Protein chains: 2
Amino acid sequence: METFAFVCYNFHLLMDFKADDRVSGKVTIKDIAAKAGVGIGTVSRVLNNSPNVKDSTREEVLRIAKELNYVPNGAARMLVRQSHSTATVGLLLPVVENQFFFELIKHIHACLKNHQFNIMIFSTDHGHESVVHHIIEQRLTAVLTLGDPPLTAAEQEILNFHKIPFLYVDYHDADSSYITYDSVKGSVMAADYLISRQCKKIMMIGLTDRSQQQIDRFQGFRRRAEETGGIHVSELCINSEEECYDISLSLLNDQSLDGIFYFSDTLAYGGIQARMECGRDVSIIGYDDIFPSKFMKLSTIRQSAEILGTRAAEMVIEMVRQREDGEEKQLLQTVLQPEIIDRNS
Amino acid sequence: METFAFVCYNFHLLMDFKADDRVSGKVTIKDIAAKAGVGIGTVSRVLNNSPNVKDSTREEVLRIAKELNYVPNGAARMLVRQSHSTATVGLLLPVVENQFFFELIKHIHACLKNHQFNIMIFSTDHGHESVVHHIIEQRLTAVLTLGDPPLTAAEQEILNFHKIPFLYVDYHDADSSYITYDSVKGSVMAADYLISRQCKKIMMIGLTDRSQQQIDRFQGFRRRAEETGGIHVSELCINSEEECYDISLSLLNDQSLDGIFYFSDTLAYGGIQARMECGRDVSIIGYDDIFPSKFMKLSTIRQSAEILGTRAAEMVIEMVRQREDGEEKQLLQTVLQPEIIDRNS
DNA sequence: CTGAAAGCGCTTACAG
DNA sequence: CTGAAAGCGCTTACAG
């Protein structure tokens, strides 16, 4: 994997900083106060733009602060103010990080930063108990959870206790705030598409994570197929997107198979390729409508990462506002509707 | 854009917490100490796993802490310990966030979290002066900058002053630590590819950001074309990936055009499609080798987000280690070599 | 094994 | 307009 990577390490030795002890990077308002010949209170007032300071004093303090490369200690500030200077939202990511999630993060981030929020990313790999703890310890403003797994009851309780709002994104739970696309509806659309193309023997292909979304899609599709009748539906869960091409090839040996529903466009690309090579007449539909699908001529179920991400950000901002205004906590629940994109595949 | 999104808001009113003032979420070690009938020092010792505590005391304190939903105040801890309990690396992202960067972030994150680091994401949209300030205020452990723009001299100075290591990713600067793929070499490979296919009139298509990478690619390609001689090369910068299909279509009206070098695979997809519709015999090469390119049969220059991201994370970890061990600051510079993938496009 | 006390760097009434 | 002082929540010698 790395054989073609030629690496060149290039070492320079840098001069040490000159031996002045105030140069160690720990300048405090005390240092500034001493140098300016004023009290630390005055320094603090200047630094916080308090109006009650003589102009000459202000300028002198500011000059010295800059000269000393002073940067306030966020921890000390936070300790006394009980809140961050910049609000930070924690983003909990699951292990499996698909393409769609990254689009999502991009838009969540874009919207949040417009509202002066920062984002901090955490993995839920090893269970998120400790992550939630860390979030509270750092007094983050809010929490967004992407996809599965949901928060445990204990985690929810401790977040509630500390009045930190949390929002599920791409997951639904009747008792929590969430925003999600309707996966059941999306897979019903996929079923209708294949049914309209007279498919009688259909394979659904997803990944091996037993996510809520995956389950919803299997269900929605199967239900619609059963309502219609006379259709044979199978399910297949594979381990990675990479192997989808090979697996599709062997599936296509079954000459009676006439429809495939891939749970993501990325999976479907391998299928499109395999179908072309076999010259088989099989209908294919994907899910997501990511950028290349247009050029792959892939029919698919579109869900917009931009809308989901932006909305999610707006919802969390609203939740934060509610808390700050001391309003009672309300559940916010949003269900977005996917859309079918017919490219005759 | 949002017309098809049906939104359903669902309001529940939740019970307020019972009116007990210790339930407000601000439990401190003082509360625990009082309830346990010990001093706060003892509580602190228990919470920090100090060995010098009687077992019975320890258990009692732990029990009460849990009962009270106690979570330590990170700011207070940090103030006295002068460092975070969990190291956090700041990631500076530019405005234009392409697909490749998200792959990159994914792998940086994966590697960093394995080493118990958190990631905090910042945008450099509005110039990063204030961002750097914020990073220092929060005493982050290190900084990664993705792509352009680089840090200003002032920003570098203040980071150095506060001894916060920083690393450029996908950018090179002789006086700083960085890791990047060799874009000049990559575009020379692209040139060689088109030249080997007898192209005489070639168009290079990139985006309108004047990034270092973009400039390197124009340069490398042009240089090799000039060395070869008898080749006509033009450059075109477009505003978005979406419009690349239309633009390619009109470019292909020029019947003498026989080669196109797209600066990203995403751009090239539109070109492949346009070429097919025109039935023109034009050689196309992309850049990145993202997943779908294999199925688009697109020749391209491969650079691995996994290697770049993982290496970047390892480098930053090494830089942090060096600082913690009090070693002299060294520059770490890594150049990775891209690879041509010939799919006969 | 444990309590009392100092101190981390800052903000903010309070009293001039 | 400004200084001295209290206090945010925690850790850690210090003295028992």
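Please read these numbers as outputs of a predicted model, since none were measured by experiment. Proteins come first, then strands; the chains are lettered A, B, ... in the order of their sequence lines, and each starts at number 1.
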No-hydrogen, no-angle side-chain donor-acceptor test under 3.5 Å, A:Asn160 and A:Lys329: yes
Set of residues satisfying side chain to side chain contact (heavy atoms under 4.5 Å, CB included) with respect to A:Ala305, sequence neighbours excluded: A:Phe100, A:Glu103, A:Leu104, A:His107
Distance between C1' atoms of C:dT12 and C:dG16 (Å, rounded): 16 Å
B:Thr28: partners by side chain to side chain contact (heavy atoms under 4.5 Å, CB included), with sequence neighbours left out: B:Lys30, B:Asp31
Using a 4.0 Å heavy-atom cut-off, write out nucleotides 7-16 of chain D from 5' to 3' as B (base contacted by protein), S (sugar-phosphate only) or - (no contact). -BBBBBB---
Once side chain to side chain donor-acceptor pair (under 3.5 Å) is applied, do any residues pair with A:Glu67, and if so which ones, sequence neighbours excluded? A:Lys35, A:Arg63
Applying side chain to side chain contact (heavy atoms under 4.5 Å, CB included), can you list everything that pairs with B:Arg45, at least two apart in sequence or on another chain? B:Thr42, B:Ser50, B:Val53
By side chain to side chain donor-acceptor pair (under 3.5 Å), which residues pair with A:Thr88, not counting sequence neighbours? none
Please list, by residue number, the residues of residues 52-65 of chain B whose heavy atoms come closer than 4.0 Å to an atom of DNA chain D; answer none if no residue qualifies. none
Who pairs with A:Arg323 by salt bridge (Lys or Arg N to Asp or Glu O under 4.0 Å), at least two apart in sequence or on another chain? none
Please convert DNA chain D into dot-bracket. A pair counts if it is Watson-Crick or G-U wobble with both distances under 3.5 Å; crossing pairs go in [ ] and bases paired with another strand get |. |||.||||||||.|||
Residues in side chain to side chain contact (heavy atoms under 4.5 Å, CB included) with B:Gln212, at least two apart? B:Asp148, B:Tyr171, B:His172, B:Asp216
Would you please name every residue forming a salt bridge (Lys or Arg N to Asp or Glu O under 4.0 Å) with B:Arg58, sequence neighbours left out? none
Name all residues meeting the ring-ring contact (aromatic ring centres under 6.0 Å, His included) criterion together with A:Tyr178; count only those two or more places apart in sequence or in a different chain, and write none if there are none. none
